[in-house]
Every structure is written in C-alpha cells, then in structure tokens.
Amino acid sequence: MDLKQSINKNNIPQHIAIVMDGNGRWAKQHGEDRIFGHHEGVNSVREIVEACGEIGVKYLTLYAFSTENWNRPKDEVDSLMELLVSTISMETPNLNKKGVKLQAIGDIKSLPESCQRELQESIDITSKNDTVTLILALSYSSKWEITNAVQQIAKQVEAGKLKASEITAKHIEQNLTTSKFPDPELMIRTSGEHRISNFLLWQLAYTEFYFTDILWPDFRKDEFFKAIISFQSRERRFGKTSEQISTN
Ligand code: IPE
Ligand code: IPE
Ligand code: MG
C-alpha cells in the first residue's frame, strides 16, 4: 500500500514535534558504538525533513539534545557536538535547495563555540526559505524554558510595566523560545518510551501523541506517514463533546 497516497491532504498537521529516541539501542543491536547510531539517525532526519516538504508540514521541531543529555559520558557529548557541526555544515546546501529554514530553540549559548557559529551561519543562509521551518531543540528543556519565561515576566513586573494580576497565557507564550511558532498538533516519540522527557511541556498541552517502538535510525518516510495517518483518524475535541465537534 502506498502510505503517502492514503494521507488526507486537507488535514496535514502544520507543526510536528519529534523526540528522536533509540539511537543507542539501534547501535547496540548492530554491534556498534552508540555514536554509530547517532550518525545513522542523521539519515532519518534528512528523510523526515524531505517528507515534510513533500506533504506540506510547515514546522518540524526535532529534540536533538536535552539539558539532561549534558550528563552523558563526555565522549558521547563531544561526539554529538561534533556530529552536529559536521551535519549542519554538510546539509545546509541541501536544506537551502529544498527551501528549508533552520531555527533553533534551547540554551544555545551553552553549546561549544564551533556549534554556535555553524548553527548561526546556517540559520542566516536559510533565513529567506519558507517551505519547511526546521526547529532544532538543542540544550533544550521545558523547565529551563519556562523558568526563563517567568524571569522575563517578573522583570517586567519589577519595572512596573506589568501588573501581576494582568499576566495571561499570552505573556507566557511570548516569553517562550517557541513564541514565533504555532503549537505542534502532533508529537511523535520513537523507541517505545512513553514519556515527554522535559520537551515542550507548555506547547504540547493539546497535542496528539504518537508512540512507536521503531528506533529513530529506522524511522523513515513510511513510518512518518503512518503517524500522520493515525493523527488524521483522531477526533480533537478540545474539551467539547463529540456532538459539538461534528456539527461544527
Ligand atoms: C536519542 O537516542 C538521541 C539523543 C538523546 C541525543 P539515545 O542516545 O537516547 O538512544 P537510546 O535511548 O540510548 O537507545
Ligand atoms: C530525550 O531522549 C532527548 C532527546 C531525544 C534529545 P533521552 O534518551 O535523553 O530521554 P530519557 O532520558 O531516556 O527520558
Ligand atoms: Mg534515549
């Protein structure tokens, strides 16, 4: 069956967020070091970005490195940072050709200088593109992001520009690193783990979740299309009743 043909073109999520998990286990299954799995995971990233362009997903957020991932062995962290630099440098022409605009969320200043430079360069080069916005979550965690937002808002209150009683959800959203992007309609996590791991806690408030046992390096276009088809079979009620939704 051609999965891509089964997708309803009128109900494509405009923003999909993915927790790309399982690289280490994939490498182990293949008798290799963990970093081998991360390298293979890049091929999945390339395919999924391309798939977004093909079916019209406008925003793709990929959880590439969490705040907690700094606690991994130094060797693995160093290799991941090197992989990030080499991948961005190698893939930028391809991203540009496909009309992909690169963005990043997270504590970017905590990344090694070389990563920050490469990332900024690619963000600048691709800034005029508008087919797909690829948002890399790097040194990202939701609790870090929300804490920052609270600090920013508290400063406004301290300065007398805002009253505590006037704070709304809008103020919080405007101070998150995702303020320029719509909330994801679909969140995918690979590798059989059923948790959020500090990812987009605020933004996923009404997102549909899709979990698969497939490990990230094996998650390619057809697996992605399956997730979208699953999304399209769901009724999003936002607190209302099913009857209210169907008469709308
Ligand atoms: C996801 O794969 C990639 C990162 C977190 C950077 P893992 O490295 O977490 O793979 P597993 O979970 O150990 O299999
Ligand atoms: C989540 O994966 C972070 C990324 C995919 C970058 P982890 O593999 O680090 O998550 P936990 O720690 O097992 O929940
Ligand atoms: Mg993992």
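Just so we're clear, the structure is a prediction, and the values are computed from it rather than from any experiment.
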query = Between CG of Asn11 and CD1 of Ile229, what distance do you get to the nearest 0.5 Å?
reply = 11.5 Å
task = Working to the nearest 0.5 Å, report the span between OG of Ser246 and CD of Gln244.
result = 9.5 Å
query = Counting only N and O atoms by type, is there a donor-acceptor contact under 3.5 Å from the side chain of Asp2 to the main-chain atoms of Lys4?
reply = yes
key: Neighbour count >12 (heavy atoms, 6.0 Å) for atom NZ, Lys9   = yes
task = Examine the side chains of Ser230 and Arg234 and answer whether a donor and an acceptor come within less than 3.5 Å of each other.
result = yes
Any side-chain heavy-atom pair of Met187 and Glu208 under 4.5 Å = no
ask   = When you check the gap from the basic side-chain N to the acidic O, do Lys155 and Glu158 get nearer than 4.0 Å?
value = no
ask   = Are the side chain of Asn175 and the backbone N or O of His171 linked by a donor-acceptor pair below 3.5 Å?
value = yes
key: Thr61 side chain to His15 side chain, donor-acceptor N/O pair below 3.5 angstrom   = yes
inquiry  = Let's go through Trp216 and Ser191 carefully: what are the C-alpha distance in whole Å and the side-chain angles of both, what is the deciding distance for side chain to side chain contact (heavy atoms under 4.5 Å, CB included) to 0.1 Å, and is it a yes or a no?
reply    = CA-CA 7 Å; Trp216 177 251; Ser191 88; over 6 Å; no
query = Short question: side chain of Ser86, backbone of Glu82 - any donor-acceptor pair under 3.5 Å?
reply = yes
task = Would you indicate whether the side-chain heavy atoms of Gln174 and Gln152 approach each other to under 4.5 Å?
result = no
query = Does the pair Tyr206 and Phe238 meet the rule for a ring pair (Phe, Tyr, Trp, His ring centres under 6.0 Å), with working shown?
reply = CA-CA 7 Å; Tyr206 251 110; Phe238 299 101; 5.0 Å; yes
query = Should Arg189 and Asp21 count as an ion pair when the cut-off is N to O under 4.0 Å?
reply = yes
key: Chi angles and distances behind the side chain to side chain donor-acceptor pair (under 3.5 Å) call for Thr133, Gln103   = CA-CA 7 Å; Thr133 300; Gln103 296 275 281; over 6 Å; no
query = Can you tell me how far the CE atom of Met20 sits from the CG atom of Leu62, to the nearest 0.5 Å?
reply = 5.0 Å
inquiry  = As an exercise, state the distance from CD1 of Ile214 to OG1 of Thr190, rounded to the nearest 0.5 Å.
reply    = 9.0 Å
message = When you measure from the side chain of Thr87 to the backbone of Leu84, do you find a donor-acceptor pair of N or O atoms at a distance under 3.5 Å?
response = no
Side chain to side chain, Tyr63 and Ile196, heavy atoms closer than 4.5 Å = no
query = Charged N to carboxylate O under 4.0 angstrom, Arg220 versus Glu40?
reply = yes
task = Decide whether Ser141 and Ser66 meet the rule of one side-chain donor and one side-chain acceptor closer than 3.5 Å.
result = no
key: Glu173/Trp202 under side chain to side chain donor-acceptor pair (under 3.5 Å): CA gap, chis, key distance, verdict   = CA-CA 9 Å; Glu173 273 153 21; Trp202 174 282; 3.2 Å; yes
Stepwise side chain to side chain donor-acceptor pair (under 3.5 Å) check, Gln120 with Asp124 = CA-CA 6 Å; Gln120 195 52 54; Asp124 293 343; 3.0 Å; yes
message = Could you measure the distance from the SG atom of Cys52 to the CD1 atom of Ile18? Nearest 0.5 Å is fine.
response = 6.5 Å
inquiry  = Going by side chain to side chain donor-acceptor pair (under 3.5 Å), Asn198 matches just one of Lys143, Glu145, Glu68. Which one?
reply    = Glu68
message = How close do Gly37 and Pro217 get, counting heavy atoms only, and between which atoms?
response = O-CG, 3.7 Å
Nearest-0.5 Å distance, CG of residue Leu102 to CD of residue Glu91 = 11.0 Å
inquiry  = Assess the residue pair Ile188 and Val19 against the criterion (side chain to side chain contact (heavy atoms under 4.5 Å, CB included)); give the C-alpha distance rounded to whole Å, side-chain angles, the decisive distance to 0.1 Å, and a yes or no.
reply    = CA-CA 6 Å; Ile188 299 170; Val19 181; over 6 Å; no
message = Under a 3.5 Å threshold, yes or no: a donor from one side chain and an acceptor from the other, between Thr178 and Gln203?
response = yes
Tyr140 and Phe65 aromatic centres sub-6.0 Å = no
inquiry  = Salt bridge check, Lys221 against Glu54: does any charged N sit closer than 4.0 Å to a carboxylate O?
reply    = yes
ask   = Should Glu193 and Arg25 be marked as a salt bridge (charged side-chain N to carboxylate O under 4.0 Å, His left out) after you check the CA-CA gap, both sets of side-chain angles, and the distance that decides it?
value = CA-CA 12 Å; Glu193 307 298 351; Arg25 279 162 283 169; 3.0 Å; yes
key: Criterion side chain to side chain donor-acceptor pair (under 3.5 Å) on Thr207 and Glu185, from CA distance to verdict   = CA-CA 5 Å; Thr207 302; Glu185 291 98 324; over 6 Å; no
task = Determine yes or no for a side-chain-to-main-chain donor-acceptor pair under 3.5 angstrom, with Lys98 supplying the side chain and Glu50 the backbone.
result = no
key: Min side-chain heavy-atom separation Ile16-Pro184 under 4.5 Å   = no
ask   = In terms of heavy-atom contacts, does CG of Asn129 have more than 12 from other residues, nucleotides or ligands at under 6.0 Å?
value = yes
